[in-house]
Protein chains: 2
Amino acid sequence: MPNLTDCIEDYLKKLLALSCEPYVEVQRRELAKKFACVPSQINYVLERRFSPERGYLVESRRGGGGWIRIFRLKTSQASPWREVIESLNGREYEPSRVRQLLKRLYEEKIISRRESFLLETVTRDRIYEEKGLSKKKAREIQHELLNEALEELLKVSY
Amino acid sequence: MPNLTDCIEDYLKKLLALSCEPYVEVQRRELAKKFACVPSQINYVLERRFSPERGYLVESRRGGGGWIRIFRLKTSQASPWREVIESLNGREYEPSRVRQLLKRLYEEKIISRRESFLLETVTRDRIYEEKGLSKKKAREIQHELLNEALEELLKVSY
DNA sequence: TATCGTCTGACCATCTCTGACCTTAATTTA
DNA sequence: TAAATTAAGGTCAGAGATGGTCAGACGATA
């Protein structure tokens, strides 16, 4: 039995799939009532399952008549790579976010399953810990390695 | 009378055989309860009986509604990989040798061009020099990263 | 009896969910 | 029209619910 977060994610993705627009609009309070949970649970779902790394954009407005809009982003066919690299450098480097990004790249057939597995190894901390590097330095190296690797992929078409 | 590990292994393999999917999904806690043992026993079984060497891949998720998925892999390509990894570990790690190896793997169509480019980035010293690591430590990290990456390729069939 | 495979339990990491408190926008009221 | 009220949504710390790791006890067997 899936958990609440999975259920709400499913529901929103179905709404998106049915929508004529490239987005859906909901009210946090209403949605929370529908799933019998606290409103902040909705924010949790949005943060975890509808992040930019996963290909979504969320807008909202507070106050009377407030709303939340969830946009499905399309990677531009022209140069998906630049976008990916920029989205990686835009926010702080964070292994879990990178893994989500890799999953999405695989789902959108921008990289192969094997490539996503290869790139995922770069995000692991184990080796650096064993060699006595600080977490900070490890993260810096990971970030750079990932950038170099993505630059390589950029050079060679599928 | 077979032991617990054997029983749990049997049970999971029967589940796999019956499953329509190429995997089964269980909950560690539930499974442990079913066999009246501690949860970590499940990890032991997975490690010993469902390892990549034996042709399985295990994924999991923690937290509420967590799960463990066990995938049955195709093992046809497993053997050439073991040789490659062992040839890498047999002699001292040396970037130039690795590049030759990657070239050969590409020529023999064991890895793709893109994969060889990805793996090649791991052998570069630049990043480590910038971060002030000794050449020795850099080489050690490169060696381990490469090993992990090759292990990943071993897991995933094309 | 030495060794190797099993099994346990304490402690850790991660993901989910809630509730108290905060911010913002629209509407009503003085 | 300015202030007060109402009606949204946002943030964050902490509790709860899983699964992971590891050292060491235990047990079978050569």
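A, B, ... follow the sequence lines: proteins, then strands. Residue 1 opens every chain.
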For this session: May I ask you to evaluate whether B:Arg49 reaches the phosphate of C:dT6, defined as a side-chain N or O under 4.0 Å from OP1 or OP2?
Result: yes

For this session: Starting at atom CD of A:Glu59, determine the distance to atom P of D:dG9, rounded to an integer number of angstrom.
Result: 15 Å

Exercise. Expressed in angstrom and rounded to an integer, what is the separation of B:Glu30 atom CD from D:dT18 atom P?
Worked result: 8 Å

Seminar exercise, completed: Atom CG of A:Asp125 and atom P of C:dC12 are separated, to the nearest Å, by 18 Å

Exercise. Which residue, B:Gly64 or B:Asp6, contacts DNA chain C at a nucleotide closer to its 5' end, judged by nearest heavy atom?
Worked result: B:Asp6

For this session: Return the nearest nucleotide to the side chain of B:Asn43; candidates are D:dG9, C:dT18, D:dG20.
Result: D:dG20

Problem set entry | Interatomic distance, B:Glu47 CD vs C:dC7 C1' [rounded to whole Å] | 13 Å

For this session: Mind running side-chain contact (heavy atoms from CB on, under 4.5 Å) on A:Leu119 and A:Leu153 for me, showing each step along the way?
Result: CA-CA 11 Å; A:Leu119 289 165; A:Leu153 288 187; 4.1 Å; yes

For this session: Rounded off to whole Å, could you give me the CZ-to-P distance for the A:Arg69 and D:dG9 pair?
Result: 13 Å

Exercise. Reckon A:Gln27 has a side-chain N or O less than 4.0 Å from the OP1 or OP2 of D:dA8?
Worked result: yes

Problem set entry | Closest-nucleotide ordering on DNA chain D, the 5'-leading residue of A:Trp67 and B:Arg61 | A:Trp67

Exercise. Should B:Thr5 be listed as having a side-chain N or O under 4.0 Å from OP1 or OP2 of C:dC7?
Worked result: yes

Problem set entry | OP1 or OP2 of D:dA8 under 4.0 Å from side-chain N/O of A:Arg29 | yes

Exercise. Has the side chain of B:Arg62 got a donor or acceptor atom sitting under 3.5 Å from an opposite partner on the base of C:dA13?
Worked result: yes

Exercise. Can you check the A:Arg124 CZ to D:dT21 P distance for me, whole Å?
Worked result: 11 Å

Exercise. Should we say atom OH of A:Tyr106 is surrounded by more than 12 heavy atoms from elsewhere, each under 6.0 Å from it?
Worked result: no

Seminar exercise, completed: Of B:Gln41 and A:Gly63, the one whose nearest nucleotide on DNA chain C sits closer to the 5' end is B:Gln41

Problem set entry | Side-chain N or O of B:Tyr44 closer than 4.0 Å to phosphate OP1/OP2 of C:dT6 | yes

Problem set entry | Spacing between A:Glu25 atom CD and D:dA8 atom P, to the nearest angstrom | 13 Å

For this session: Measure distances between side-chain N and O atoms of B:Arg48 and base N and O atoms of C:dG5, and say whether any donor-acceptor pair falls under 3.5 Å.
Result: no

Seminar exercise, completed: Testing D:dG9, C:dT8, C:dT14 for proximity to the side chain of B:Val38, the answer is C:dT8

For this session: For B:Gly66, report the nucleic acid contact type (base, sugar-phosphate, nothing); a contact means any heavy atom under 4.0 Å.
Result: sugar-phosphate

Exercise. More than 12 foreign heavy atoms under 6.0 Å from NZ of A:Lys131: is that the case here?
Worked result: yes

For this session: Report which part of the nucleic acid B:Leu4 touches: base, sugar-phosphate, or nothing (heavy-atom distance under 4.0 Å, all strands).
Result: sugar-phosphate

For this session: Respond yes when some side-chain nitrogen or oxygen of B:Ser40 is under 4.0 Å from OP1 or OP2 of D:dC22, and no when none is.
Result: no

Problem set entry | Pair B:Arg48, B:Thr5: side-chain N/O donor-acceptor within cut-off below 3.5 Å | no

Exercise. A:Leu12 and A:Leu31: side-chain contact (heavy atoms from CB on, under 4.5 Å), yes or no, with the steps?
Worked result: CA-CA 10 Å; A:Leu12 289 173; A:Leu31 196 54; 4.0 Å; yes

For this session: Describe the nucleic acid contact of B:Ile42 in one word from base, sugar-phosphate, nothing, applying a heavy-atom distance below 4.0 Å.
Result: nothing

For this session: Tell me, please, whether B:Tyr56 has B:Arg72 positioned over its six-membered ring: NZ or CZ under 6.0 Å from the ring centre and within 45 degrees of its axis?
Result: yes

